[in-house]
Amino acid sequence: MKSLLALSALAAAAFGATSAFAQDTKVNIGISGWTGFAPLTLAKEAGIYAKNGLDVSIKKIPQKDRHLAIASGDIQCAATTVETWIVWNANGVATTQLFKMDQGMGSDGLVAKPGIEKVEDLKGKTVAASAPGTSPHFFLSWALKKAGMKLSDIKLVTLEPAPAANAFVAGNSGLDGAVTYEPYLSLVRNKPESGKLIVDSLSLPVVFDSFGCTPKFIKENPKAVKALVDSYFQALDMIAADKTKAFTLMGADVKQTAEQFEASQAKIKWADRAANEKFFNGEIQAFNKDAAALLLEIGVIKAAPSNLDSLYDTSFLK
C-alpha cells in the first residue's frame with residue numbers, strides 16, 4: 001500500500017511539474033548579434049524568462065529577413081531599430097513596439113579608410129552597408145543627407161555588419177567605407193591603420209532599438225507580453241547587481257570574454273523604465289516623423305503608416 005501511495009505521489013508530482021511546464025507560454029524572438037540586444041539573451045541564459053513563465057527561443061536572424069520570419073509565424077516578437085517598425089508596417093507586416101531597449105552612443109558608425117576625413121569625401125567612393133530597410137542603410141542615408149548628399153553619390157555595396165567590418169579591416173576588398181556596429185565596430189577600433197570612424201551614433205543620434213511583437217500575439221497573450229517586458233528590466237537589474245556574471249553570459253553569446261563584452265557595450269545606453277517614459281512621451285513621435293520622411297525619400301517605403309502613434313503600445317510598461 002505504501003509503495004502504491006508513493007508511486008501515486010510521484011505520479012502526481014510529475015503531472016504537476018508537467019502541467020506547470022505546459023503553462024509556460026512559448027515565444028520565439030528574432031534578434032541579431034548586436035550588443036544592444038544582449039539583455040534579451042541574458043534574460044534567457046540567467047533563467048529570468050523561465051521564472052516568469054515563459055518558454056523563450058531566441059533566433060539570430062539578419063535584420064533584412066526578420067520581417068519575413070514574423071510574417072511566416074516563425075517568430076512572434078523581435079528586437080530592431082525604431083524606424084524599422086515603420087518599414088515593416090508600411091509593407092504589411094503588422095508589429096507593435098512594447099519598450100525601448102537601447103540607444104547607440106557611438107556604438108554604430110560609418111568607418112572610412114585613411115585619407116577620408118568626412119562624409120563628403122566619400123562622393124564617388126565604394127561604401128558597404130546592409131540592404132534597404134535595415135539600420136545600417138538608414139544610418140548611411142541619414143549621414144549622407146546631413147552632408148548634402150544622396151545614396152546615388154556613392155557606390156553602395158550590400159554587406160551585413162559583421163562581413164562589412166571584416167572586409168573593411170582586411171584592406172583588400174576595395175571598400176572605401178562601411179557601416180557597422182558593435183561588437184564588429186571594435187574590429188576597426190582595434191586596427192586603426194585600416195581606417196577610422198568618421199561619424200557615429202553619438203554625433204548622429206538616430207539609432208534607437210526597441211522590442212515588439214505581432215498584434216495577434218499581444219492580444220492573445222497579454223500576461224506573457226507583460227512578462228516579456230518585465231524580464232527585460234529584470235535583466236537590466238542583474239547587469240547592475242552583478243556585471244561580471246552578466247557580461248560573461250552576454251559575451252559568450254557573441255564569442256566575447258566578459259572583458260571584451262564590457263568594452264563593446266561601453267558606448268550603449270540601455271533604457272530603464274524612466275528612459276522609456278521619456279522616449280514614448282515626445283521623443284519617438286519627433287523621430288518617427290523625420291524617419292518616415294527619409295524612408296519615403298530613399299524609396300524604402302511607398303507610403304508611411306497613416307498613424308505612426310499606432311506603432312507602439314506602452315500599456316505593458318506600467
Side-chain angles (χ1 to χ4, degrees), residues 34-36 63-64 81-84 86-87 102-209 264 266-269 286-301:
W34 158 239
T35 301
Q63 188 182 19
K64 66 182 179 64
T81 47
V82 171
E83 82 283 348
T84 306
I86 298 176
V87 178
D102 64 81
Q103 180 169 342
M105 306 291 286
S107 50
D108 322 69
L110 172 58
V111 297
K113 69 180 186 181
I116 297 176
E117 301 295 326
K118 56 187 183 298
V119 176
E120 290 89 336
D121 296 338
L122 287 171
K123 190 167 186 177
K125 305 293 186 181
T126 302
V127 182
S130 299
T134 64
S135 175
H137 186 274
F138 178 78
F139 185 87
L140 176 60
S141 301
W142 199 305
L144 291 171
K145 183 177 177 65
K146 187 176 180 182
M149 298 167 63
K150 297 180 179 180
L151 287 168
S152 57
D153 290 323
I154 62 169
K155 298 173 185 176
L156 185 60
V157 175
T158 302
L159 281 176
E160 289 298 294
N166 281 309
F168 182 80
V169 298
N172 57 5
S173 60
L175 293 179
D176 300 298
V179 181
T180 187
Y181 49 60
E182 293 293 359
Y184 319 115
L185 186 56
S186 286
L187 294 174
V188 183
R189 297 186 196 277
N190 296 334
K191 194 178 179 183
E193 66 272 19
S194 66
K196 67 178 183 179
L197 198 60
I198 59 172
V199 60
D200 63 16
S201 53
L202 184 61
S203 59
L204 191 64
V206 296
V207 180
F208 312 99
D209 290 300
S264 66
K267 295 184 181 296
I268 293 171
K269 186 176 183 180
F287 174 77
N288 276 350
K289 181 180 178 181
D290 291 339
L294 179 58
L295 290 166
L296 281 166
E297 183 180 321
I298 61 178
V300 171
I301 59 175

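All figures in this text were calculated on a predicted structure; none of them were measured in a lab. Atoms considered below: every heavy atom in the structure, side chains included; atoms not considered: hydrogens, waters and symmetry mates.
Asp200 contributes a side-chain N or O that, together with a main-chain N or O of Ser203, makes up a donor-acceptor pair within less than 3.5 Å.
You'll find the side chain of Leu197 stays beyond 4.5 Å of the side chain of Val188, heavy atoms only. Side-chain contact between Lys196 and Pro114: absent, with no pair of heavy atoms (C-beta onward) separated by less than 4.5 Å. Within the 4.5 Å cutoff, no side-chain heavy atoms of Ser130 are placed close to those of Ser135.
Under the 4.0 Å criterion applied to side-chain N and carboxylate O atoms, Lys150 and Asp153 are not assigned as salt-bridge partners.
For Gly106 against Leu185, the heavy-atom pair with the smallest separation is O-CD2, 3.8 Å. Between Ala165 and Leu187, the shortest heavy-atom distance links the atoms CB-CD1, 4.0 Å. Contact between Ser201 and Ser107 at its shortest, heavy atoms only, is OG-N, 3.2 Å. Summarising the geometry of Glu182 relative to Ser186, their closest heavy-atom pair is OE1-OG, 2.7 Å, with the distance given to 0.1 Å. The minimum heavy-atom distance linking Gly36 with Ile268 is given by the pair N-CD1, 3.6 Å. Here the closest heavy-atom approach between residue Leu122 and residue Asp176 is recorded as CD2-O, 4.2 Å.
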Donor-acceptor pairs under 3.5 angstrom involving side-chain atoms of residues 167-174: please list them, not counting sequence neighbours.
from	atom 1	to	atom 2	distance (Å)
Ser173	OG	Ala167	O	3.0
Ser173	OG	Leu175	N	3.4

Could you give the side-chain donor-acceptor pairs of residues 138-149 under 3.5 Å, partners two or more places apart or in another chain?
from	atom 1	to	atom 2	distance (Å)
Ser141	OG	His137	O	2.8
Lys145	NZ	Glu297	OE1	2.9
Lys145	NZ	Glu297	OE2	3.4

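Looking at Thr84 and Gln63, their side chains do bring a donor and an acceptor atom within 3.5 Å of each other.
Taken from CD in Glu83 to CG in Asp209, the straight-line distance is 8.5 Å, to the nearest 0.5 Å. Annotation: the span from Thr35 atom OG1 to Lys267 atom NZ amounts to 13.0 Å, rounded to 0.5 Å. Rounding to the nearest 0.5 angstrom, the gap separating the OH atom in Tyr181 from the OG atom in Ser264 is 12.5 Å. The distance from atom CD1 of Ile116 to atom CD1 of Ile198, rounded to the nearest 0.5 Å, is 7.0 Å.
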Q: Show the numbers, then the answer: is there a side chain to side chain contact (heavy atoms under 4.5 Å, CB included) between Leu202 and Met105?
A: CA-CA 4 Å; Leu202 184 61; Met105 306 291 286; 3.9 Å; yes
